[in-house]
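To start, the structure under review is shown below, and the notes come after it.
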2 protein chains.
Amino acid sequence: MARRRSTDTKPASIKDVAALAGVSVPTVSRYLNDRGVSDEKRTRIARAIDMLGYRPNPIAQALVNERTSMIAVMCADITLFGQAQTYKGIEQRAHGGGYSPDVFVLGGRDVAHEVRSCLDRNPAGLILMNFDPECADVLDLVPHDLPTAVIAGNRDERFAQISLAEDDGGYRITRHLLELGHRSVQYIGIPGGVGSYSRMAGWQRACREAGIVAPDPIACTWRPQDARAIGRRLADDPAVTAVFAGNDETAMGVIRGLRDGGRRVPDDVSVVGFDDHPLASIWDPAITTIRQDFHRAGAAAFDAVTGIIADLGEGRVDSRTQLVEVPGELVIRQSSGPAAR
Amino acid sequence: MARRRSTDTKPASIKDVAALAGVSVPTVSRYLNDRGVSDEKRTRIARAIDMLGYRPNPIAQALVNERTSMIAVMCADITLFGQAQTYKGIEQRAHGGGYSPDVFVLGGRDVAHEVRSCLDRNPAGLILMNFDPECADVLDLVPHDLPTAVIAGNRDERFAQISLAEDDGGYRITRHLLELGHRSVQYIGIPGGVGSYSRMAGWQRACREAGIVAPDPIACTWRPQDARAIGRRLADDPAVTAVFAGNDETAMGVIRGLRDGGRRVPDDVSVVGFDDHPLASIWDPAITTIRQDFHRAGAAAFDAVTGIIADLGEGRVDSRTQLVEVPGELVIRQSSGPAAR
DNA sequence: CTGAAAGCGCTTACAG
DNA sequence: CTGAAAGCGCTTACAG
């Protein structure tokens, strides 16, 4: 089998540049890495690079440096709103800098295998979007000395972490419903989303504080259709006057299901969501929600990882376990209203 | 600066395996690549690999093979529904195979620079999601001999292409509205989405065939809020009885805007979308749309690229410019109805 | 089937 | 500041 495709002109290497500039290969390398090179050779090398259209081979660099310039970004499903937005935040922050993010979707059964494949590629750092339960195990497979930031999930003292303050958001939006006079709030959960730092935990805390017994949470998938079916069932229970859906898309499904069952929102039942999806304000009725700043969380995670890398270069080590809080914001719209008397 | 982080135990290399197994390095390499190795050495090597937890270094492999096992996937914005779903299709198809997809978001001003950075990393193949106008220029920067598949966009005879048959979808959904008795259909465009293979082209064709003059298309962004503003404006024009929105999210915004302006959907105005977004059937009224099979398009693109790679290995060359059609499906729901008399 | 040699494109001590 | 040497972890001819 041919080792190179036939029509391909082989790209210039550092050797070609050195030859054309009349210097040694290490001198070109020093030029590329901003080490001391005389002005005269600088210009000669610059010209040679320009003429040849030379671009350093990142693969060779990675081999000798024993690390790439890639920041691995692991997530369970990049098609979901929060994860996509978070990645966008990472992506935009990375732009133009020395590191480029690289998505690894942990989709299959053998997550450990996928994680190892990723680590084999020698990332300079790692960002884990810990939105889904299957991601939590990943942390035990990550070498301790790999600069790492975790977004969301329970606090893990071993790593830097970006907290989206979900418990606080869940608490506040539940309080909002209680203050409207509702005597109980039904929670509908999204996959994962459990643990002491979750929106569900905030809901439970608010219920406890108000002295009411939180009803059993109802589990839902990511699919709005399933939320609709749940809403339809809830429509038949006159005791339900307030619903806290785990995210906005779930809220949309629940509202539709309640309406299918003849209940009006918010007149008969208040429904709130979470995240502030772009369609949340378009929905009819517009959805009361907690706005999450996923972009900022992504950017913060990127900054954390590159910060750790820089700190390690200078022998500092304290930034490795920092905690950054990205608070949510209660956005009151039309899907929540006073409890019917 | 330390070349390796201190707490790190250096991973085993092929050299370590060879030493432990008592064979030469090339023999281990042959073992790894399924070349002839005696049974006795096979077992010794296998044991050594197992004991050391050895994993071949893909970076070194890439350097010597002059190609990686990565399929570069370029797109403009992976947070958009169609692109995210398409990527998911690619991702799932790739699973377990020898190639892994790798996203490159062409976000910045200097697309050419971004493309070159991607190509520097020596992908084995390339998939371009040609949904946005800025992506079209990319094709001129791609070396002809890089196995490439283009998803959507105008037909480019130089490359394999997966067509989502958007013009056909646009034609059929416009026909649907015309058959309901509407005398004119207003098109609201999404960014990009022009050219002879677009949903807009299908709309124009259907109008032309019906002998009606297509009104000027209205440009919209990806933001549902902007679509809502357009809908609000349209509400004041009694001549508008049918709207074809460039995608479902735009349709939702338009419907909301029409309602803000006092018009009922579909009684006063029919509104249809495109894509079959998961929320399209949840929306009230549920949205008539063209269902697109993005997963299948992604899988087809992956198959095309890996097929080209395999064919090149065997000297075939014909698959390089194949065209695959992934048709859409008209899904009639409640947002479209007979024209008011 | 197998090992010694050479090489992929780069970088980093080591002498000058 | 600069070049000759050695090496990163692999693979592929080349002899045996």
Side-chain angles (χ1 to χ4, degrees), chain A residues 1-5 8-46 48-49 52-69 119-122 124 313, chain B residues 1-5 8-46 48-49 52-69 119-122 124 313:
Chain A
M1 192 184 351
R3 290 194 49 202
R4 199 170 314 118
R5 296 167 230 117
D8 206 325
T9 8
K10 195 171 162 78
S13 79
I14 195 171
K15 226 190 230 168
D16 303 319
V17 174
L20 184 58
V23 300
S24 73
V25 165
T27 299
V28 179
S29 173
R30 283 181 209 108
Y31 170 88
L32 294 170
N33 295 289
D34 279 322
R35 240 67 62 114
V37 174
S38 67
D39 280 350
E40 194 227 326
K41 307 212 163 173
R42 296 196 85 76
T43 54
R44 295 224 306 269
I45 294 170
I49 288 177
L52 295 169
Y54 168 72
R55 325 202 78 225
N57 180 334
I59 294 170
Q61 296 185 121
L63 179 60
V64 62
N65 291 333
E66 286 174 358
R67 61 150 59 185
T68 60
S69 61
L119 296 176
D120 281 346
R121 292 172 59 177
N122 250 312
Chain B
M1 194 184 348
R3 292 194 48 202
R4 199 169 315 117
R5 297 166 230 118
D8 207 326
T9 6
K10 195 171 163 78
S13 79
I14 195 172
K15 225 190 232 168
D16 303 319
V17 173
L20 184 58
V23 300
S24 74
V25 165
T27 300
V28 179
S29 173
R30 284 182 210 108
Y31 170 87
L32 294 170
N33 295 289
D34 279 323
R35 238 72 59 116
V37 174
S38 67
D39 281 350
E40 193 226 327
K41 306 212 164 172
R42 295 197 86 76
T43 55
R44 294 224 307 267
I45 293 170
I49 287 176
L52 295 168
Y54 168 73
R55 324 202 80 223
N57 181 333
I59 295 171
Q61 297 185 128
L63 180 61
V64 63
N65 291 333
E66 286 173 359
R67 61 149 58 185
T68 60
S69 61
L119 296 175
D120 282 346
R121 292 172 60 178
N122 250 313

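Naming: A, B, ... by sequence-line order, numbering from 1 per chain. What you see below is based on every heavy atom in this structure, not just the backbone, and it leaves out hydrogens, waters and symmetry mates.
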Original post:
Are B:Asn57 and D:dC8 close enough that a side-chain N or O sits under 4.0 Å from OP1 or OP2?
Top reply: no

Original post:
Over how many whole Å does the gap from A:Asn33 atom CG to C:dT11 atom C1' extend?
Top reply: 7 Å

Original post:
Rounded to whole angstrom units, what separation is found between the CD atom of A:Glu66 and the C1' atom of C:dC10?
Top reply: 13 Å

Please write out each protein N/O paired with an N/O of nucleotides 3-7 of chain D under 3.5 Å, distance rounded to 0.1 Å.
residue, atom, partner, partner atom, Å
D:dG3, OP1, A:Lys41, NZ, 3.3
D:dG3, OP2, A:Ser24, N, 3.1
D:dG3, OP2, A:Ser24, OG, 3.0
D:dG3, OP2, A:Thr27, OG1, 2.6
D:dG3, N7, A:Arg30, NH2, 3.0
D:dG3, O6, A:Arg30, NH2, 2.5

Atom pairs and distances, side-chain donor-acceptor, residues 15-23 of chain B, under 3.5 Å, sequence neighbours left out:
residue, atom, partner, partner atom, Å
B:Asp16, OD2, B:Ser13, N, 2.7

Original post:
Would you say a side-chain N or O of B:Lys10 is under 4.0 Å from OP1 or OP2 of D:dG9?
Top reply: yes

Original post:
If you look only at pairs with a residue in residues 54-64 of chain A, which of them pass as a salt bridge (charged side-chain N to carboxylate O under 4.0 Å, His left out), with sequence neighbours excluded?
Top reply: A:Arg55-B:Asp120

Original post:
Of the candidate nucleotides D:dC8, D:dT11, D:dC1, which contains the atom at the shortest distance from the side chain of A:Ser38?
Top reply: D:dC1

Original post:
Rounded to the nearest Å, what distance is computed from the CZ atom of residue B:Arg42 to the P atom of nucleotide C:dC1?
Top reply: 9 Å

Subject >> Euclidean distance, atom CG of residue A:Asp39 to atom C1' of D:dT2 [Å, nearest integer] >> reply: 15 Å

Original post:
Taking for each residue the nucleotide of DNA chain C bearing the nearest heavy atom, is the 5' side occupied by B:Ala60 or by B:Glu40?
Top reply: B:Glu40

Original post:
Between B:Thr68 (side chain) and B:Asn122 (backbone), is there a donor-acceptor pair under 3.5 Å?
Top reply: yes

Subject >> Residues forming a side-chain contact (heavy atoms from CB on, under 4.5 Å) with B:Thr43, sequence neighbours excluded >> reply: none

Original post:
Which part of the nucleic acid, if any, lies within reach of A:Tyr54 when heavy atoms closer than 4.0 Å are counted: base, sugar-phosphate only, or nothing?
Top reply: sugar-phosphate

Subject >> Length of the CG-P vector between B:Asp16 and D:dG9, whole Å >> reply: 8 Å

Subject >> Consecutive Watson-Crick or G-U pairs in runs of at least 3, all under 3.5 Å, in which DNA chain D is involved >> reply: C:1-3 with D:14-16, C:5-12 with D:5-12, C:14-16 with D:1-3

**OP:** List for me each residue that meets side-chain contact (heavy atoms from CB on, under 4.5 Å) alongside B:Ser69, sequence neighbours excluded, and say none if there are none.
**Re:** B:Tyr99

Original post:
For A:Ser13 and C:dC8, is the shortest distance between a side-chain N/O and OP1 or OP2 below 4.0 Å?
Top reply: no

Give every donor-acceptor pair under 3.5 Å between a side-chain atom in residues 25-36 of chain B and any protein atom, sequence neighbours left out.
residue, atom, partner, partner atom, Å
B:Thr27, OG1, B:Ser24, OG, 3.1
B:Thr27, OG1, B:Arg30, NH1, 3.4
B:Asn33, ND2, B:Ser29, O, 2.8

Subject >> Residue pair A:Asn57, A:Ile14: steps toward the side-chain contact (heavy atoms from CB on, under 4.5 Å) verdict >> reply: CA-CA 9 Å; A:Asn57 180 334; A:Ile14 195 171; over 6 Å; no

Subject >> Value rounded to 0.5 Å, distance of CD1 in B:Ile45 from CD in B:Glu40 >> reply: 10.0 Å

**OP:** Take the protein atom CG of A:Asp34 and the nucleotide atom C1' of D:dC1, then report the distance between them rounded to whole Å.
**Re:** 15 Å

Subject >> Atom-pair distance (CG on B:Leu32; C1' on D:dT12), nearest Å >> reply: 14 Å

**OP:** Respond yes when some side-chain nitrogen or oxygen of A:Gln61 is under 4.0 Å from OP1 or OP2 of C:dT11, and no when none is.
**Re:** yes

**OP:** Any chance you could measure B:Ile59, atom CD1, to B:Gln61, atom CD, to the nearest 0.5 Å?
**Re:** 10.5 Å

**OP:** For C:dT12, take OP1 and OP2 only and decide whether either is under 4.0 Å from a side-chain N or O of A:Arg35.
**Re:** yes

Subject >> Whole-Å distance separating the CZ atom of B:Arg44 from the C1' atom of C:dT2 >> reply: 12 Å

